[in-house]
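Structure below; questions to follow.
Chain A is the first sequence line, chain B the second, and so forth, proteins listed ahead of strands; every chain is numbered from 1.
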There are 2 protein chains.
Amino acid sequence: MDPKPSLPTSDMICFALYSATHAMQHAYKPLLEALGLTYPQYLVLVALWGSDGQTVGQLGQALQLESNTLTPLLKRMEAQGLVARARDAKDERQVRVSLSTAGREMQARAAGIPGCILERSGMSLAGLTALRDQVNALRDQLRGA
Amino acid sequence: MDPKPSLPTSDMICFALYSATHAMQHAYKPLLEALGLTYPQYLVLVALWGSDGQTVGQLGQALQLESNTLTPLLKRMEAQGLVARARDAKDERQVRVSLSTAGREMQARAAGIPGCILERSGMSLAGLTALRDQVNALRDQLRGA
DNA sequence: GTTAAATGCATCGCACACGATTTAATCGCA
DNA sequence: TGCGATTAAATCGTGTGCGATGCATTTAAC
């Protein structure tokens with residue numbers, strides 16, 4: 001299952017994250033496909049459902065993505081009619097992203113997704129939470145160093 | 001730090017993996033850049049250092065990648081002179097990938113990388129190993145269903 | 001009040017990643 | 001032997017990701 005049992009541990013944890021991320025996206029894919037969304041697009045919607053009208057920079061902070069990734073992604077979502085993009089009147093350097101009606105309605109249609117994934121994971125909520133905290137701790141250590 | 005505290009847990013573990021993977025690749029990047037490698041290319045080399053002359057399919061099995069990802073990746077590595085690609089004489093459907101001299105020499109030049117990452121992670125070897133096993137278990141659960 | 005620096009977003013180029021399809025080689029079975 | 005089914009790579013199109021760069025706007029300094 002693992003690429004090579006003799007791999008150094010630090011390489012193996014990295015590969016584990018790498019392949020688990022792929023497996024996770026694979027699990028989300030059929031659920032999101034039914035809504036016409038990709039995984040990063042879903043993340044943008046989740047962020048906006050939590051707080052609408054965020055700037056591109058705030059979304060990037062939340063999702064750990066740069067503007068060069070977000071701009072084309074948001075433009076595709078705008079073309080799909082999920083969000084609207086508009087320069088902030090106070091500071092015209094900033095672009096605020098807001099949910100359209102279709103974008104808000106998507107929340108109800110996507111409501112079943114987390115439960116589906118939770119079930120597929122075969123883990124308890126407490127187990128997942130603990131794992132999440134450990135993975136986040138590793139991430140912050142690597143980023144913050 | 002997290003996108004939204006109110007996110008469902010199964011979404012949050014997924015995002016944790018997603019962002020930790022990015023952070024990990026970010027940590028590898030400067031080390032690999034000095035060798036002229038990307039992270040997936042490094043993974044291919046690690047796999048070949050373990051067992052040279054694998055087929056494209058075997059590499060895909062090891063790295064959990066499809067031929068549509070591997071073929072252009074391997075072609076770039078061939079253009080760089082790291083590997084050679086040749087049809088198997090016994091079964092000409094298969095393409096065997098073997099290390100060049102430069103590809104083998106890269107192993108010594110990359111020897112310090114796992115130690116660097118281990119240090120950057122700020123975790124003990126045992127801690128990393130335990131985390132790796134949990135992440136792998138989640139991945140297998142998602143994949144194997 | 002004009003200029004220099006910083007900020008926020010967009011553009012460009014490159015490298016994955018994958019679903020769907022195609023092509024070439026091998027296998028299975030009558 | 002022959003030919004459809006299967007298998008292994010390669011190809012095609014779309015969508016991220018990110019480093020480097022550019023441009024417009026705002027802020028700070030003088």
Is any side-chain N or O of A/Ser67 under 3.5 Å from a base N or O of C/dA10, one able to act as donor and the other as acceptor? yes
How many whole angstroms separate atom CG of B/Leu59 from atom P of D/dA10? 11 Å
According to the interplanar angle, ranging from 0 to 90°, do the rings of A/Trp49 and A/Tyr42 count as parallel (below 30°), tilted (30 to 60°) or perpendicular (above 60°)? perpendicular
Has A/Arg85 got a side-chain N or O lying under 4.0 Å from the OP1 or OP2 atom of C/dA10? yes
Provide, to the nearest angstrom, the distance between the CD atom belonging to A/Gln94 and the P atom belonging to C/dA10. 12 Å
How many Å lie between NE2 on B/His26 and P on D/dC18, as a whole number? 9 Å
Extract from the structure each pairing of a protein N or O with an N or O of nucleotides 14-17 of chain C at less than 3.5 Å, listing the distance.
residue : atom : partner : partner atom : Å
C/dC16  : OP1  : B/Thr38 : OG1          : 2.7
C/dC16  : OP2  : B/Gln41 : NE2          : 3.1
C/dC16  : OP2  : B/Arg76 : NE           : 2.9
C/dC16  : OP2  : B/Arg76 : NH2          : 3.1
C/dC16  : O5'  : B/Arg76 : NH2          : 3.0
C/dA17  : OP2  : A/Tyr18 : OH           : 2.4

Side-chain donor-acceptor pair under 3.5 Å between A/Gln64 and A/Arg143, yes or no? yes
If you assign A/Leu74 and A/Lys29 each to the DNA chain C nucleotide with the nearest heavy atom, which residue ends up on the more 5' nucleotide? A/Leu74
Atom-to-atom span, NZ of A/Lys90 to C1' of D/dT27 - whole angstrom: 18 Å
Would you list the pairs meeting side chain to side chain donor-acceptor pair (under 3.5 Å) in which at least one residue belongs to residues 91-103 of chain B, sequence neighbours left out? B/Asp88-B/Arg96, B/Asp91-B/Arg93
With a 4.0 Å cutoff (strictly under), does any side-chain N or O of B/Lys75 reach OP1 or OP2 of D/dT11? yes
Nearest 0.5 angstrom please: A/Leu37 CG to A/Tyr28 OH, how far? 12.5 Å
Determine whether a donor-acceptor pair (N or O, by modelled atom type, separation under 3.5 Å) exists between the side chain of A/Gln54 and the backbone of A/Ala62. no
Calculate, to the nearest 0.5 Å, the distance between atoms CG and SG belonging to B/Leu118 and A/Cys14 respectively. 12.5 Å
From CD of A/Gln80 over to C1' of D/dG15, roughly how many Å is that when rounded to an integer? 11 Å
May I have the distance from A/Asp91 (atom CG) to C/dT7 (atom C1'), rounded to whole angstrom? 8 Å
5' priority, DNA chain D, between B/Arg93 and A/Asp88 [closest heavy atom]: B/Arg93
A/Leu63 CG to D/dC18 P: how many Å, rounded? 11 Å
Taking B/Gln25 for its side chain and B/Tyr39 for its backbone only, find out whether a donor-acceptor pair lies under 3.5 Å. no
In whole angstroms, the gap separating P of D/dT16 from CG of A/Leu70 amounts to 10 Å
